[in-house]
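Written below as structure tokens is the structure these notes are about.
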Amino acid sequence: MAALNFNALFFNHEIPFCKVYGMESKDKLEKLLVTNRISFFIEWQEKRLWDRLFCEIHPEKSVFTIRINEADSLLAKDLVEGMDSVKLGVV
């Protein structure tokens, strides 16, 4: 679906924003985005069955991709700078 330009706001223009490593970092980033009213979508990385079972034992090995609206990307980038286990610039 193409982005709609309505009063300089983007609708349905979701971009991959960052990768987060570990459940604790994901929860921390999630709270930060909610507090600053930035909508987001958490995408779990697809893994083999063995890797998924291993992640249940060691949740710090989980990898997530956070997707946000392009209009919020500058604010979100400023908020997550310096956070551990967060990698910006996901392609």
Side-chain angles (χ1 to χ4, degrees):
M1 187 178 270
L4 299 174
N5 190 353
F6 183 75
N7 293 334
L9 297 175
F10 289 101
F11 294 96
N12 298 325
H13 204 264
E14 189 178 87
I15 59 169
F17 175 65
C18 66
K19 283 196 185 234
V20 180
Y21 301 92
M23 292 293 287
E24 185 178 317
S25 295
K26 179 194 73 77
D27 293 339
K28 185 177 175 182
L29 179 60
E30 187 175 353
K31 288 177 184 176
L32 182 67
L33 294 174
V34 168
T35 301
N36 288 282
R37 302 177 58 103
I38 297 175
S39 63
F40 61 93
F41 172 75
I42 299 174
E43 185 175 54
W44 291 66
Q45 297 296 111
E46 292 295 323
K47 296 185 177 185
R48 297 176 295 167
L49 177 62
W50 180 254
D51 292 335
R52 281 185 267 162
L53 292 174
F54 183 70
C55 285
E56 288 180 10
I57 297 169
H58 301 285
E60 69 274 1
K61 300 288 184 181
S62 300
V63 179
F64 308 94
T65 301
I66 306 295
R67 301 176 69 83
I68 64 171
N69 190 299
E70 186 179 23
D72 296 326
S73 63
L74 293 176
L75 174 60
K77 183 178 177 182
D78 291 340
L79 293 172
V80 301
E81 277 188 34
M83 281 187 71
D84 295 337
S85 303
V86 175
K87 181 181 176 188
L88 293 174
V90 175
V91 177

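Atom set for the values below is all heavy atoms of this structure, side chains included, hydrogens, waters and symmetry mates excluded. Because the structure is a prediction, the values reported are computed rather than measured.
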Minimum heavy-atom distance S25-M83, with the two atoms named: O-CE, 4.5 Å

All pairs passing side chain to side chain donor-acceptor pair (under 3.5 Å) where residues 71-84 contributes a residue, at least two apart: none

Non-hydrogen side-chain atoms of V80 and I66 separated by less than 4.5 Å: no

Euclidean distance, I42 CD1 relative to T65 OG1, rounded to 0.5 Å: 10.5 Å

Same apolar cluster: L32 and F41, side chain cutoff 4.5 Å: no

Student check: side-chain heavy atoms of C18 and K87 closer than 4.5 Å: no

Partners meeting salt bridge (Lys or Arg N to Asp or Glu O under 4.0 Å) with E30 (sequence neighbours left out): K26

Interatomic distance, L29 atom CG to F40 atom CZ [nearest 0.5 angstrom]: 7.5 Å

For L75, all residues meeting side chain to side chain contact (heavy atoms under 4.5 Å, CB included), sequence neighbours excluded: I38, L79

